[in-house]
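Here the structure is laid out as structure tokens; the discussion comes afterwards.
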Amino acid sequence: MRKPFVAGNWKMHGSKASILTLVSDLNSKIAEIGDVDVAICPPAIYIDYVNRVLAGNRIAVGAQNMAEEANQGAFTGEQSVAMLKDMDCNYVILGHSERRALYGETDSQIATKVDVALKAGVTPILCVGETLEERESGVMESVIATQLDAVLDVVGIESFDKVVIAYEPVWAIGTGKTASPQQAQEVHAFIRGKLSGLNADVASKVVIQYGGSVKPDNAVELFGQPDIDGGLIGGASLNANDFIAICKAAG
Ligand code: 13P
């Protein structure tokens, strides 16, 4: 049985004041959520602050990116996995479509980062997904397979039970256009089936989140699909009531 996992990707949002309000609200409501793993991923500069406000409750903290280099060095503007661990950060989102599209991250860089995170014991949340053009031109599955293969080639299928995969169709991110539960399930089943061809045991354990305009009113149906194990939530994770409702839907 896979335990559902919901993570909030705050992207580049928040201030000390807004985070204090949001995390305090989450603290007061987290007991309402059943057996679901929950994480929040603030901008890196606020990771320590978020951990202080969480004060050790069951919500984990993740980063939104990290360097390919594991420790330290002359890499201006970067944060290493060792630094994330040092600040009690248990997850890191890697390969988000915004990193791929806006900052030119390649499959090969993302694969290296997944490898570095796994070796350090930080759980990577590996994002994959197609653009609308790719979906409409019928290359969706090959696009997702290529994104997965790049990582599989570096870390191997046996490591994938420690990888969380987030399927995020690019056309559904921040657009209000969510994939239908059937569309999402179809891709989740494709991903699990692909992994299953390499190692059925690992494939049955891999948590695959859906991301892209998840809201309280569509979460129950999405998370009810057999291969959808929770969500990676953008906009709705900035509102405590919405995020808690989504976490409940996963439970
Ligand atoms: P939205 O939930 O705002 O569509 O963002 C999804 C996302 O990109 C999470 O990583």
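Small disclaimer: the values here were computed from a predicted structure and weren't measured. The figures that follow rest on heavy atoms only: side chains count, while hydrogens, waters and symmetry mates do not.
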Looking at [X], I'd like to know if its [atom1] atom is crowded, meaning that more than 12 non-hydrogen atoms belonging to other residues, nucleotides or ligands lie closer than 6.0 Å.
X: E133; atom1: CD; result: no
X: I45; atom1: CD1; result: no
X: R52; atom1: CZ; result: no
X: Q183; atom1: CD; result: yes
X: Q72; atom1: CD; result: no

**Study point:** Residue pair N239, D25: steps toward the side-chain contact (heavy atoms from CB on, under 4.5 Å) verdict
**Key:** CA-CA 9 Å; N239 177 299; D25 283 353; over 6 Å; no
Atom [atom1] in [X], atom [atom2] in [Y]: separation rounded to 0.5 Å?
X: D115; Y: D153; atom1: CG; atom2: CG; answer: 12.0 Å
X: L195; Y: K205; atom1: CG; atom2: NZ; answer: 13.0 Å
X: I244; Y: E32; atom1: CD1; atom2: CD; answer: 6.5 Å
X: I19; Y: L26; atom1: CD1; atom2: CG; answer: 11.0 Å
X: I59; Y: I30; atom1: CD1; atom2: CD1; answer: 4.0 Å

Beyond-backbone contact of [X] with [Y], side-chain heavy atoms, under 4.5 angstrom:
X: F243; Y: I40; answer: yes
X: L148; Y: L126; answer: yes
X: V154; Y: T112; answer: no
X: K113; Y: V151; answer: no
X: Q79; Y: V92; answer: no
X: N65; Y: Y103; answer: no
X: L152; Y: K194; answer: yes
X: V116; Y: M66; answer: yes

Considering all heavy atoms of both residues, which atom of [X] and which atom of [Y] are nearest to each other, and what is their separation?
X: Y210; Y: P169; value: CE1-CD, 3.6 Å
X: N71; Y: A82; value: OD1-CB, 3.9 Å
X: I110; Y: G95; value: CD1-CA, 3.6 Å
X: S237; Y: G8; value: CB-CA, 3.5 Å
X: I165; Y: I191; value: CD1-CG2, 3.9 Å
X: I173; Y: S97; value: CD1-OG, 3.2 Å

Exercise for review: Say whether I125 and I47 are linked into one hydrophobic cluster, either directly or through other cluster members, by side-chain heavy-atom distances under 4.5 angstrom.
Suggested key: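 No, it is not one cluster - the side chains of I125 and I47 are not joined through contacts under 4.5 Å.
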Check your understanding: Is there a path from I144 to L94 through hydrophobic residues (I, L, V, M, F, W, Y) whose side chains come within less than 4.5 Å of each other?
Key ->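 In one cluster with I144: L94, yes.
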Practice item. With D229 as reference, evaluate Q209, H188, R192 under the side-chain hydrogen bond (donor to acceptor under 3.5 Å, both in side chains) test and give the passing residue. Key: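 In the set Q209, H188, R192, the residue that makes a side-chain hydrogen bond (donor to acceptor under 3.5 Å, both in side chains) with D229 is R192.
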Point to revise | Intermediate values then yes/no, side-chain hydrogen bond (donor to acceptor under 3.5 Å, both in side chains), H96 and Q64 | key: CA-CA 8 Å; H96 192 280; Q64 300 173 15; over 6 Å; no
Practice item. Would you please test K29 and N241 for side-chain contact (heavy atoms from CB on, under 4.5 Å) and show each step? Key: CA-CA 8 Å; K29 295 181 164 90; N241 287 332; 3.0 Å; yes
Review point. Between D242 and K215, is the closest basic N to carboxylate O distance under 4.0 Å?
Key: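 Salt bridge flag = no for D242 with K215.
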Review point. Taking V61 as the fixed residue, which of L54, D88, L84 is the one that meets the side-chain contact (heavy atoms from CB on, under 4.5 Å) rule?
Key: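 By the side-chain contact (heavy atoms from CB on, under 4.5 Å) criterion, V61 pairs with just one of L54, D88, L84: L54.
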Check your understanding: Which is it for V50 and W10 under the side-chain contact (heavy atoms from CB on, under 4.5 Å) test, yes or no, and what are the steps along the way?
Key -> CA-CA 12 Å; V50 166; W10 292 0; 3.9 Å; yes
Review point. Picking from R58, K3, K248, what satisfies salt bridge (Lys or Arg N to Asp or Glu O under 4.0 Å) with D35?
Key: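 For D35, the salt bridge (Lys or Arg N to Asp or Glu O under 4.0 Å) test succeeds with only one of R58, K3, K248, which is K3.
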Check your understanding: For the ring pair F190 and Y167, is the centre-to-centre distance below 6.0 Å?
Key ->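 Judged by ring-centre distance (under 6.0 Å), F190 and Y167 do not meet the cut-off.
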